Amino acid sequence: MNPVNSVTVRRLLVRGMLAGLAAGALALVVAYLLGESRVDAAIAFEESHAHGHGGAEPVSRALQSTAGLATGLLVYGVALGGIAALAYCFALGRIGRVGPRPTAMLLSAAALVAIHVVPFLKYPANPPAVGDPGTIGERTTLYFLMMLLSVLLVVAAVILGKRLAPRLGNWYATVASGAFLVLTVGLAYAFLPGINEVPEHFPAALLWQFRLAALAIQLTLWTSFGLVFGHLAGRLLEPAASTARRGTVGAGTAA
């Protein structure tokens with residue numbers, strides 16, 4: 001049974017946005033430490049191979065790498081935190097006998113896989129100087145199409161596993177739903193066109209490091225969100241259990 005009512009939904013939404021803000025702040029640290037130096041190196045490569053001189057940038061690189069990066073990641077974290085909190089309200093009590101904190105971590109893991117890892121494996125992130133400006137519309141469309149398919153397939157795999165569990169048991173239902181997900185994602189990879197626009201002589205190590213940094217940012221964002229939101233949601237939804245634990249600790253200390 002789902003214990004969430006309208007008041008609890010509002011409270012969880014606020015907590016989700018706060019957790020998203022905290023997760024965005026942690027992801028910002030990772031992005032600044034791991035990503036910005038790779039972006040600067042890619043820009044330097046692009047400028048060294050440019051045939052002409054472009055005009056002045058409307059926004060300076062220094063502003064982009066500080067205030068711009070912070071604004072983007074913090075707003076992104078808050079927005080995703082709010083959306084994830086609403087998804088959490090729907091999932092709570094519907095994915096088996098799982099408490100509020102594990103539900104938050106499972107939701108975060110599923111979001112990481114569906115929103116980032118699966119699309120990333122087909123269309124990985126690219127630094128500046130990689131990609132034809134003339135195909136940016138096509139590349140963006142394909143990426144979001146892959147993301148949409150990924151989300152739908154992950155949801156379908158969860159529903160399939162839940163329906164198979166009474167007949168096959170949790171273990172075999174999980175294996176079957178996992179096999180379904182791998183097969184359908186593989187078919188999506190096969191049918192969607194590939195994109196390879198890495199310029200000649202672009203440093204392979206730099207490309208690899210940039211993509212690892214992009215993956216690390218998302219991993220930090222969703223892991224920290226799951227931990228922070230799970231803690232906040234657990235305190236909201238399990239007040240009696242939390243009070244009992246504090247009473248036990250207090251009695252033990254007094255003894």
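Because the structure is predicted, anything quoted here is derived from the model rather than measured.
Considering only residues two or more places apart in sequence or on other chains, Phe202 meets the ring pair (Phe, Tyr, Trp, His ring centres under 6.0 Å) condition with Phe45. Take Tyr123 and apply the ring pair (Phe, Tyr, Trp, His ring centres under 6.0 Å) test, not counting sequence neighbours, and it matches no residue. For Arg139, the salt bridge (Lys or Arg N to Asp or Glu O under 4.0 Å) criterion is met by Glu197, not counting sequence neighbours.
Atom-to-atom distance recorded for Leu149:CG and Lys122:NZ is 11.5 Å, nearest 0.5 angstrom. Note: Leu28 CG to Leu21 CG = 10.5 Å, rounded to the nearest 0.5 Å. Rounding to the nearest 0.5 Å places CG of Leu26 at 10.5 Å from OG1 of Thr223. Here the CD1 atom belonging to Ile217 is positioned 8.5 Å from the NE2 atom belonging to His116, to the nearest 0.5 angstrom.
Here the closest heavy-atom approach between residue Ala104 and residue Gly230 is recorded as CB-CA, 3.5 Å. Between Ala85 and Gly16, the closest heavy-atom pair is CB-CA, 3.9 Å. Of all the heavy atoms in Leu12 and Phe229, the pair that sits closest is O-CE1, 3.5 Å. Counting all heavy atoms, side chain and backbone alike, Leu74 lies closest to Ala25 at CD2-N, 3.6 Å. Summarising the geometry of Gly82 relative to Leu13, their closest heavy-atom pair is O-CD1, 3.5 Å, with the distance given to 0.1 Å. Here the closest non-hydrogen pair linking Leu34 and Ala213 is O-CB, 3.8 Å.
By the rule that hydrophobic residues join a cluster once side-chain heavy atoms approach within less than 4.5 Å of another member, Val14 and Ile83 end up as members of separate clusters. Both Met147 and Tyr76 sit in one connected hydrophobic cluster of ILVMFWY residues. Membership requires side-chain heavy atoms under 4.5 Å apart, directly or through other members. Taken together through direct or relayed side-chain contacts under 4.5 Å among Ile, Leu, Val, Met, Phe, Trp and Tyr, Leu80 and Val117 form part of one hydrophobic cluster. Leu148 and Ile159 fall into different hydrophobic clusters, where Ile, Leu, Val, Met, Phe, Trp and Tyr residues are linked whenever their side-chain heavy atoms come under 4.5 Å apart, directly or through other members. With hydrophobic clusters built from ILVMFWY side chains whose heavy atoms lie under 4.5 angstrom apart, Val154 does not share a cluster with Leu160.
Contact annotation: the side chain of Tyr172 never approaches that of Leu164 to less than 4.5 Å [non-hydrogen atoms, C-beta and beyond]. Tyr88 is listed as a side-chain neighbour of Pro100, based on a closest heavy-atom distance under 4.5 Å. Looking only at side-chain heavy atoms (C-beta outward), Val39 and Pro127 stay at 4.5 Å or farther from each other. For the pair Leu86/Phe90, no side-chain contact is recorded, criterion being any heavy-atom separation below 4.5 Å from C-beta on. Residues Leu207 and Arg38 have side chains not in contact (no heavy-atom distance under 4.5 Å, counting atoms from C-beta outward). Leu219 is not listed as a side-chain neighbour of Val30, based on a closest heavy-atom distance of 4.5 Å or more.
A donor-acceptor pair under 3.5 Å is formed between the side chain of Ser224 and the backbone N or O of Leu221. The backbone N or O of Arg11 lies less than 3.5 Å from a partner atom in the side chain of Arg15, making a donor-acceptor pair. Under the 3.5 Å distance criterion, the side-chain polar atoms of Arg211 are matched with a main-chain donor or acceptor of Ala125. Not a single donor-acceptor pair under 3.5 Å links the side chain of Tyr32 to the backbone N or O of Ser37.
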Report all side-chain donor-acceptor pairs from residues 175-195 shorter than 3.5 Å, counting only partners two or more places apart or in another chain.
residue	atom	partner	partner atom	Å
Ser177	OG	Ala173	O	3.1
Ser177	OG	Thr174	O	3.0
Thr184	OG1	Phe180	O	2.8
Thr184	OG1	Leu181	O	3.1
Tyr189	OH	Val118	O	2.5

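A perpendicular orientation is assigned to the rings of Phe225 and Trp222, their planes being inclined by more than 60° (bins at 30° and 60°).
The other residues sharing a hydrophobic cluster with Met105 are Leu227, where clustering joins ILVMFWY side chains under 4.5 Å apart. Within the hydrophobic cluster formed by Ile, Leu, Val, Met, Phe, Trp and Tyr side chains joined at under 4.5 Å, directly or through other members, Val228 is accompanied by Leu232.
If you run side-chain contact (heavy atoms from CB on, under 4.5 Å) between Phe144 and each of Leu142, Thr140, Thr141, only Thr140 comes through.
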